[in-house]
Protein chains: 2
Amino acid sequence: MQEKCERVDSKQTADLLQNIPDSDTITKMAAVFQALQSDTRLKILFLLRQKEMCVCELEQALDVTQSAVSHSLRTLRQLDLVRVRREGKFTIYYIADEHVRTLIEMCLEHVEEKA
Amino acid sequence: MQEKCERVDSKQTADLLQNIPDSDTITKMAAVFQALQSDTRLKILFLLRQKEMCVCELEQALDVTQSAVSHSLRTLRQLDLVRVRREGKFTIYYIADEHVRTLIEMCLEHVEEKA
DNA sequence: TAAATACATGAACAACTGTTCATTTGTTCA
DNA sequence: TGAACAAATGAACAGTTGTTCATGTATTTA
């Protein structure tokens with residue numbers, strides 16, 4: 001590794017790099033944030049935060065097609081941000097765990113602070 | 001609002017909708033998550049979490065062009081996820097506040113839990 | 001003041017995302 | 001069993017993003 005500017009200390013940089021999560025973990029994190037980056041999916045999470053809901057309920061609340069809701073839920077489900085339970089002909093979705101709640105709350109606080 | 005399925009209670013739905021952040025706030029949150037959704041920007045934050053750094057240092061650590069680092073930092077800066085300080089010819093970047101640290105830590109815990 | 005260094009910015013292009021449409025799968029109940 | 005309802009999925013298209021290239025601006029120092 002060659003120095004780029006006088007502030008760079010290659011040894012220290014290598015050290016700092018060792019203390020960041022591995023590429024695989026970073027990519028998984030990016031996928032989680034990517035899932036949280038859509039208005040529709042955020043609204044879904046804010047709704048589910050209050051009450052578990054079936055796809056129909058979300059569809060009606062959000063004013064997008066059933067297909068769009070379903071696709072969004074799939075993304076959230078695959079990353080374990082929401083979970084599913086079958087109840088007769090309904091598929092009930094709910095927030096997966098406290099991490100997810102904290103994530104959206106931190107972000108909310110962050111943006112509200114600026115307003 | 002017309003009922004879509006027997007589980008839907010329009011009144012309650014309207015109520016739940018009132019308790020989610022307004023569209024403007026949702027969009028700002030989406031922008032924040034959007035900024036956190038790139039591998040490069042996440043790596044930048046994990047580096048800055050350990051030590052404030054100038055652009056050169058980040059460029060060397062990340063193995064992408066100076067331009068890419070600069071563009072990434074701009075995105076993070078505009079959302080107040082990182083802040084800047086001028087020091088002579090160097091521009092020093094650092095994590096904006098605790099919300100940002102908590103955000104990436106929650107996400108890290110979430111993805112590490114599954115591994 | 002001129003050259004070098006540090007950083008920012010605009011354009012452009014490939015890659016990716018979110019939505020809708022059309023269709024399929026699974027469940028209930030008459 | 002078959003009609004109706006709930007949900008998932010694949011394709012396709014417009015819109016968006018991240019990167020590099022080329023260039024511009026600001027600061028330092030010789």
Side-chain angles (χ1 to χ4, degrees), chain A residues 2-8 23 26-27 29-45 48 52-79 81-94, chain B residues 2-8 23 26-27 29-45 48 52-79 81-94:
Chain A
Q2 93 196 42
E3 316 292 346
K4 281 258 182 180
C5 80
E6 67 211 56
R7 269 183 61 92
V8 170
S23 280
I26 293 274
T27 298
M29 289 183 66
V32 167
F33 285 127
Q34 138 69 24
L36 296 174
Q37 153 261 34
S38 119
D39 284 37
T40 298
R41 287 192 293 266
L42 279 178
K43 283 180 192 164
I44 288 176
L45 291 176
L48 294 183
E52 53 181 31
M53 295 171 92
C54 69
V55 181
C56 292
E57 289 178 284
L58 290 168
E59 180 187 354
Q60 161 133 350
L62 292 173
D63 198 37
V64 290
T65 64
Q66 176 266 316
S67 180
V69 175
S70 204
H71 280 301
S72 283
L73 287 169
R74 180 152 86 125
T75 302
L76 295 171
R77 214 174 52 221
Q78 285 174 335
L79 295 162
L81 298 173
V82 302
R83 289 180 189 152
V84 193
R85 189 179 71 240
R86 191 88 200 191
E87 223 172 69
K89 64 178 170 179
F90 297 104
T91 307
I92 315 292
Y93 282 86
Y94 55 97
Chain B
Q2 92 196 45
E3 316 291 346
K4 282 258 185 182
C5 79
E6 68 212 55
R7 270 184 61 93
V8 168
S23 281
I26 294 272
T27 298
M29 287 182 68
V32 168
F33 285 127
Q34 138 69 25
L36 296 173
Q37 155 260 32
S38 116
D39 284 39
T40 298
R41 288 191 293 266
L42 279 179
K43 283 180 192 165
I44 288 175
L45 291 176
L48 294 183
E52 54 181 31
M53 294 170 92
C54 70
V55 180
C56 292
E57 289 178 283
L58 289 168
E59 181 187 355
Q60 161 132 353
L62 293 173
D63 198 36
V64 289
T65 64
Q66 176 267 316
S67 181
V69 174
S70 204
H71 280 300
S72 283
L73 287 169
R74 181 152 87 124
T75 301
L76 295 171
R77 212 174 54 220
Q78 284 173 336
L79 295 162
L81 298 174
V82 302
R83 290 183 187 148
V84 192
R85 189 180 70 241
R86 190 90 201 189
E87 223 171 71
K89 64 178 167 177
F90 297 103
T91 307
I92 314 292
Y93 281 86
Y94 55 98

Using a cut-off of 4.0 Å on non-hydrogen atoms, how would the nucleic acid contact of [X] be classed: base, sugar-phosphate, or nothing?
{"X": "A:Arg41", "answer": "sugar-phosphate"}
{"X": "B:Arg77", "answer": "sugar-phosphate"}
{"X": "A:Ser38", "answer": "sugar-phosphate"}
{"X": "B:Ser70", "answer": "base"}
{"X": "A:Thr91", "answer": "sugar-phosphate"}

If I take atom [atom1] in residue [X] and atom [atom2] in nucleotide [N], what distance separates them, rounded to the nearest angstrom?
{"X": "A:Ile44", "N": "C:dG18", "atom1": "CD1", "atom2": "C1'", "answer": "12 Å"}
{"X": "A:Leu62", "N": "C:dT20", "atom1": "CG", "atom2": "P", "answer": "11 Å"}
{"X": "B:Lys89", "N": "C:dA3", "atom1": "NZ", "atom2": "P", "answer": "17 Å"}
{"X": "A:Leu76", "N": "D:dA8", "atom1": "CG", "atom2": "P", "answer": "12 Å"}
{"X": "A:Lys43", "N": "C:dG18", "atom1": "NZ", "atom2": "C1'", "answer": "13 Å"}
{"X": "A:Glu59", "N": "D:dA7", "atom1": "CD", "atom2": "C1'", "answer": "10 Å"}
{"X": "B:Leu73", "N": "C:dC7", "atom1": "CG", "atom2": "P", "answer": "10 Å"}
{"X": "B:Arg85", "N": "C:dA6", "atom1": "CZ", "atom2": "P", "answer": "17 Å"}

Does the structure show B:His71 stacking with C:dT9, if we require the centres to be closer than 5.5 Å and the planes to be within less than 30 degrees of parallel?
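Stack criterion met.
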Within the modelled atom types, does a donor on one side and an acceptor on the other bring the side chain of B:Gln66 and the base of C:dA6 under 3.5 Å apart?
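Under the 3.5 Å cut-off, the side chain and the base do not form any donor-acceptor pair.
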Between [X] and [N], is there a contact of a side-chain N or O with OP1 or OP2 at under 4.0 Å?
{"X": "A:Gln37", "N": "D:dT17", "value": "no"}
{"X": "B:Gln34", "N": "D:dG18", "value": "yes"}
{"X": "B:Tyr93", "N": "C:dA8", "value": "yes"}
{"X": "A:Ser67", "N": "C:dT19", "value": "no"}

Measuring from [X]:[atom1] to [Y]:[atom2], what's the distance to the nearest 0.5 Å?
{"X": "B:Thr75", "Y": "B:Gln34", "atom1": "OG1", "atom2": "CD", "value": "7.5 Å"}
{"X": "A:Leu81", "Y": "A:Leu36", "atom1": "CG", "atom2": "CG", "value": "5.5 Å"}
{"X": "A:Leu73", "Y": "A:Ile44", "atom1": "CG", "atom2": "CD1", "value": "4.5 Å"}
{"X": "B:Phe33", "Y": "A:Leu42", "atom1": "CZ", "atom2": "CG", "value": "6.0 Å"}

Backbone N/O of A:Gly88 and side chain of A:Arg86: donor-acceptor pair under 3.5 Å
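Pair found, side chain donor or acceptor close to backbone of A:Gly88.
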Given 3.5 Å as the limit, does a donor-acceptor pair link the side chain of B:Gln60 with the main chain of B:Glu57, or not?
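Checked: no pair found.
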Mapping B:Arg74 and A:Arg86 onto DNA chain C by nearest heavy atom, which one lands closer to the 5' end?
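The residue mapped nearer the 5' terminus is B:Arg74.
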Can you tell me the pairing partner of D:dT27 across any strand shown, Watson-Crick or G-U wobble, with both distances under 3.5 angstrom?
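Its partner is C:dA4 (Watson-Crick or G-U wobble, both distances under 3.5 Å).
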